[in-house]
Every structure is written in C-alpha cells, then in structure tokens.
Amino acid sequence: MKIVIGYLYGDLMNIYGDTGNIIALQKRAEWRGIDVEVKNISVGSRLKKGEADIFFFGGGQDQAQELVSRDLVVSRKGKTIKSEVERGVPLLAICGGYQLLGDYYRPHKGPKLPGISLFPAYTLASHDRMIGNIIIDSMFGKLVGFENHSGKTHLKKGTTALGMVNKGWGNNGKDRTEGCIHKNAIGCYMHGSLLPKNPKLADWLLKKALEVKYGKEIELEPLDDTLELQAHQMAVKKFG
Ligand code: GLN
C-alpha cells in the first residue's frame with residue numbers, strides 16, 4: 001500500500017515543531033511497510049481531487065496566514081480540500097492552519113482573513129497570549145500538546161469539539177472546548193508536535209486515509225509504542 005501526505009503550505013505554515021506530525025505519520029506508515037510520499041502543496045500549486053490521501057496544515061504567524069488565506073481562495077485549493085474532507089479524506093490542522101479552515105480569522109491588524117468554512121467556527125485575535133502545555137480529554141483519551149496563540153476560536157452551535165480542556169486554554173480559554181472535528185478532519189491548537197506523543201490519534205488518521213483510499217476496512221498492525229507512551233505519560237504527570 002502507499003499513502004500520499006498532502007503537506008499544506010509546509011514552506012509557510014510550520015512553527016513550534018509542527019513538521020514532527022509529518023514525520024510521525026511517515027514513520028508510523030513506513031514501520032508497517034506502507035510506502036509514503038510527502039507532497040508539498042503551497043502557493044501557486046494546483047490541487048486535484050485524489051491527489052493526497054491525508055492533509056496536514058501547520059501553524060503560522062499572521063503574515064503567512066494572510067498570504068495563505070488568499071491562495072486558498074484564488075487557487076481554489078480551499079474548495080478542493082473541503083470536498084475531499086466531505087468524502088472522508090482525513091486532515092489535521094494546527095493553530096494558524098486550523099484558524100484558516102473556519103469561516104474567518106480576524107487578526108489584530110489588517111483585513112479579516114476568509115477561511116474555507118470547513119469547520120463551523122470563527123477566530124478573533126485577542127490580547128491574551130495563550131501559551132503553555134495543554135491536556136484535553138477526547139474520544140482518543142487524553143491528548144497532550146503545547147499551545148501558543150492569541151486567536152480565540154468560537155465553535156458555532158452544534159459543532160463537535162475535539163475535546164474538553166483538562167489543563168491549558170484550548171479554543172478560547174472560556175468554554176473549555178479545544179479544537180474541532182468534522183468527519184475525519186481535525187483542527188486544534190495543539191503544537192508539540194502533537195502526533196509523536198499521541199500515537200492513537202496518529203494511527204486513527206492513517207487508518208482513515210487508507211480506508212478511504214482502498215475502500216475497505218483496514219486494521220493497522222500494532223507498533224511498539226513504549227517510548228511514545230512514556231512521553232505521553234510524562235506530559236500528563238508533569239502538566240496534568
Ligand atoms: N497567528 C495565530 C495566533 O496567534 C496563529 C499562531 C500559531 O499558528 N501558533 O493565534
């Protein structure tokens with residue numbers, strides 16, 4: 001089997017170690033004998049349906065977000081990503097990438113940045129810098145990460161959060177929600193990078209990608225996650 005990871009704007013949107021998520025997906029597939037291709041999908045490139053089996057979209061500063069927001073619309077990549085997610089293609093977006101997949105992100109300065117409305121949510125810049133270790137309770141159990149954002153994301157009524165904050169700020173530091181999940185797409189504020197310390201989530205994304213691509217139920221063979229789970233437990237113990 002082969003999996004193509006669509007790395008959205010990896011040259012512009014990749015802060016606080018977010019590339020570690022690409023490495024985690026790549027290694028967890030290769031350790032199972034699955035071939036991997038990482039495709040950088042950025043400004044000016046076109047995106048066709050079926051070109052990627054899973055998308056990753058990292059965090060970035062406001063300046064990069066302005067450029068990316070425009071490209072998502074002008075190149076129509078936003079439309080393609082949305083329709084791919086609607087047919088079940090999994091996606092993980094962190095922080096700045098997550099913000100651009102909602103309805104809009106209104107930064108402190110400059111114009112409101114339109115999102116692609118994949119997640120029924122919107123983000124407003126705030127004067128709080130929400131920074132630190134974060135632990136949430138989710139359908140994957142506890143997830144651990146690190147957050148650093150000033151944007152506050154508000155989920156629209158009926159939208160499913162990725163989880164509830166156990167420790168940290170989350171979407172907005174008020175309603176205890178963190179992130180958003182829609183079909184097999186997940187957005188959240190959890191840098192870290194997220195996937196190396198949360199192997200269950202990493203494997204869920206890989207499984208969904210392969211099942212949609214090959215059109216059948218796929219059971220991933222278990223890996224020895226001793227180190228990953230030690231790192232996970234250490235974070236829960238230290239920051240929980
Ligand atoms: N510029 C956005 C904010 O500060 C996102 C930052 C990030 O991706 N860490 O909220």
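Counting starts at 1 for both ligands and their atoms, following the listed order. Reckoned from all heavy atoms, side chains included, excluding hydrogens, waters and symmetry mates.
Below 3.5 Å of separation, one finds an N or O of G60 facing an N or O of ligand 1. The shortest N/O to N/O separation between H191 and ligand 1 falls below 3.5 Å. Taking any N or O of Y189, backbone or side chain, none lies under 3.5 Å from an N or O belonging to ligand 1.
Remark: side-chain polar atoms of E178 are not paired, donor with acceptor, to backbone N or O of G163 under 3.5 angstrom. The main-chain N or O of D35 is never found under 3.5 Å from a side-chain atom of K2 such that the two would form a donor-acceptor pair. Not one N or O on the side chain of K49 forms a donor-acceptor pair closer than 3.5 Å with the backbone of S83.
Residues N21 and S193 bring no donor and acceptor atom of their side chains to less than 3.5 Å of each other. No hydrogens or angles considered: a donor-acceptor pair under 3.5 Å links the side chains of Q99 and Y189. Counting only N and O atoms by type, the side chains of S117 and D103 include a donor and acceptor under 3.5 Å apart. Side-chain contact annotation: D53 with Y214, donor-acceptor N/O pair under 3.5 Å absent.
Against a heavy-atom cut-off of under 4.0 Å, G96 is close to the following atoms of ligand 1: 5 (C), 7 (C), 8 (O). Near D62, with a cut-off below 4.0 Å to any heavy atom, the atoms of ligand 1 are 1 (N), 2 (C). Every atom of ligand 1 is numbered from 1 in the order shown, and the set under 4.0 Å from a heavy atom of N148 is 7 (C), 9 (N). Distances below 4.0 Å separate heavy atoms of I15 from the following atoms of ligand 1: 7 (C), 8 (O), 9 (N). Atoms of ligand 1 lying under 4.0 Å from at least one heavy atom of G59, given by number and element, are 8 (O). Taking a cut-off of under 4.0 Å to the non-hydrogen atoms of G151, the atoms of ligand 1 that pass are 3 (C), 10 (O).
Of the protein's non-hydrogen atoms, the one nearest atom 7 (C) of ligand 1 is C95 SG, 2.9 Å. Counting protein heavy atoms only, atom 3 (C) of ligand 1 is closest to S150 N, 3.5 Å.
Residues H154 and Y122 place their aromatic rings such that the two centres sit under 6.0 Å apart.
Put simply, the residue from K142, K197, K167 that forms a side chain to side chain contact (heavy atoms under 4.5 Å, CB included) with V236 is K142.
Contacts between M13 and ligand 1, counted as non-hydrogen atom pairs separated by less than 4.0 Å, are absent for every part of the residue. At a heavy-atom distance under 4.0 Å, only side-chain atoms of R129, from C-beta outward, approach ligand 1.
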